[in-house]
Amino acid sequence: MDSPETRTPPVGRRERNKQRVKERLYTAAVELIVEKGYDHTSIDEIAERADVARGTFFNYFQRKEDIISAWGEQRRATLMTHLDSNSRFNPGSITRLQQGMAALARLNQEEQHLTIAMLTAWVKAGRPILEEPYVADVFAGIVESGVDQGELSTALSPDRVGNVLRDVYLGALYRWAHQPSDRPEALGEELQQILQLLLDGMAATTSP
């Protein structure tokens, strides 16, 4: 049983109401962005669809661009949840890299129209330059573990490999988003093929 010091206090009604309003604003925003595009979606329209006053929007988001950040944070949380749920089976680093790419592909494939609309908004808002490259950090951590365990070459720089994996992921994602296919799973297939090409040059060599 948790001690009084460690027990998480229950969330009060006021906080629950605030969270519901924030969720309504976020949902209204992404729905409008999918329908109309980021540039043609206004804060007034977001507030109207969420059924709140315009000023309420600014209690939760400083500017429209913050919706994009919220979208990115939700994706990050989903990715980490997926990786954490698989880590209980103690997979090797190569399997975890494959699982990471598969999870990223599934994130995009399950919400294809939303991904395309939000990715376009993300680029227009300059987010690829301004935001922290969390995908690179996730991959770098997996690579570092693989190097420590002797599964990947000790000549690798985990940070550089993490950046490379992030870059090839985003390149594949941009192609998939701007050249829609009737096979959404094509993204996952391409990511696994790219990863395998890189792994063929990353695996630790063994003496004959």
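Side-chain atoms are counted along with the backbone in the values below, which use heavy atoms only and exclude waters and symmetry mates.
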Subject >> Euclidean distance, Leu32 CG relative to Ile67 CD1, rounded to 0.5 Å >> reply: 10.0 Å
Original post:
Of all heavy-atom pairs between Leu25 and Ala50, which one has the smallest distance, and what is that distance?
Top reply: CD2-CB, 3.8 Å
Original post:
Does NZ or CZ of Lys22 fall inside the cone over Phe61's six-membered ring, less than 6.0 Å from its centre and within 45° of the axis?
Top reply: yes
Original post:
Roughly how far apart are Leu104 CG and Leu83 CG, rounded to 0.5 Å?
Top reply: 8.0 Å
Original post:
Could you give the distance from OG1 (Thr81) to CZ (Arg76), rounded to the nearest 0.5 Å?
Top reply: 11.5 Å
Subject >> Distance (rounded to the nearest 0.5 Å) between Gln62 CD and Phe58 CZ >> reply: 10.0 Å
Subject >> Gln149 versus Ser145, side-chain donor and acceptor atoms under 3.5 Å >> reply: yes
**OP:** State whether the number of non-hydrogen atoms from other residues, nucleotides or ligands found under 6.0 Å of Glu48 atom CD is greater than 12.
**Re:** no
**OP:** For residues Gly188 and Gln109, report the shortest heavy-atom separation together with the two atoms involved.
**Re:** N-OE1, 3.1 Å
Original post:
Does CZ belonging to Arg14 count more than 12 external heavy atoms closer than 6.0 Å?
Top reply: no
Original post:
With distance as the sole test, does Thr120 use its side chain to make a donor-acceptor pair with the main-chain N or O of Ile116 at under 3.5 Å?
Top reply: yes
**OP:** Compare all side-chain heavy atoms of Ser153 with those of Val147 and state whether any distance is below 4.5 angstrom.
**Re:** no
Subject >> Shortest non-hydrogen contact from Ile68 toward Ala121 >> reply: CD1-O, 3.6 Å
**OP:** For the pair Glu15 and Lys18, evaluate salt bridge (charged side-chain N to carboxylate O under 4.0 Å, His left out) and give the outcome as yes or no after the intermediate values.
**Re:** CA-CA 5 Å; Glu15 288 302 314; Lys18 288 173 65 176; 3.7 Å; yes
Original post:
Can you list the residues that meet the salt bridge (Lys or Arg N to Asp or Glu O under 4.0 Å) rule with Arg49, with sequence neighbours excluded?
Top reply: Glu31, Glu35
Original post:
Less than 4.5 Å apart, any side-chain heavy atom of Tyr38 and any of Thr41?
Top reply: no
**OP:** Check the pair Asp66 / Arg63 against side chain to side chain contact (heavy atoms under 4.5 Å, CB included), numbers first and verdict last.
**Re:** CA-CA 6 Å; Asp66 289 346; Arg63 52 196 181 278; 3.6 Å; yes
Subject >> Beyond-backbone contact of Trp71 with Tyr26, side-chain heavy atoms, under 4.5 angstrom >> reply: yes
Original post:
Under 4.5 Å between any side-chain heavy atoms of Phe57 and Asp44, yes or no?
Top reply: no
Subject >> Qualifying residues under salt bridge (Lys or Arg N to Asp or Glu O under 4.0 Å), relative to Glu111, sequence neighbours excluded >> reply: none
Original post:
How far does CG of Leu173 sit from CG of Leu119, to the nearest 0.5 angstrom?
Top reply: 5.0 Å
**OP:** Take His40 and Ile33 through the test side chain to side chain contact (heavy atoms under 4.5 Å, CB included) and record every step on the way to the result.
**Re:** CA-CA 8 Å; His40 299 291; Ile33 291 170; over 6 Å; no
Subject >> Distance-only polar pair, side chains of Tyr169 and Asn108, donor-acceptor under 3.5 Å >> reply: yes
Subject >> Gln192 side-chain N/O to Met101 backbone N/O, donor-acceptor pair under 3.5 Å >> reply: no
Original post:
Is it the case that more than 12 heavy atoms not belonging to Asp51 sit under 6.0 Å from its CG atom?
Top reply: no
Original post:
Is there side-chain contact between Leu198 and Val161, with heavy atoms separated by less than 4.5 Å?
Top reply: no
Original post:
Between Thr95 and Pro91, is there a donor-acceptor pair closer than 3.5 Å when you use the side chain of the first and the backbone of the second?
Top reply: no
Subject >> Gap between atom CD of Gln19 and atom CD of Glu23 - 0.5 Å precision >> reply: 4.5 Å
Original post:
Is there a side-chain contact between Thr115 and Arg75, using heavy atoms and a 4.5 Å cut-off?
Top reply: yes
Original post:
Does CZ belonging to Arg54 count more than 12 external heavy atoms closer than 6.0 Å?
Top reply: yes
**OP:** Apply salt bridge (charged side-chain N to carboxylate O under 4.0 Å, His left out) to Lys36 and Glu45, showing your working.
**Re:** CA-CA 11 Å; Lys36 305 178 62 175; Glu45 290 171 317; 2.3 Å; yes
Original post:
Any sub-3.5 Å donor-acceptor pair from Arg96's side-chain atoms to Ile142's backbone N or O?
Top reply: no
Subject >> Pro158 backbone acceptor or donor facing Glu144 side chain under 3.5 Å >> reply: no
**OP:** Taking Thr27 for its side chain and Arg24 for its backbone only, find out whether a donor-acceptor pair lies under 3.5 Å.
**Re:** no
**OP:** Could you give me the CA-CA distance, side-chain angles and deciding distance for Val164 and Phe139, then say whether side chain to side chain contact (heavy atoms under 4.5 Å, CB included) is met?
**Re:** CA-CA 9 Å; Val164 168; Phe139 283 137; over 6 Å; no
Original post:
Going by distance alone, is a donor N or O of one side chain under 3.5 Å from an acceptor N or O of the other, for Asn17 and Arg20?
Top reply: yes
Subject >> Pairwise side-chain contact, Leu79 with Tyr134, heavy-atom cut-off 4.5 Å (strictly under) >> reply: yes
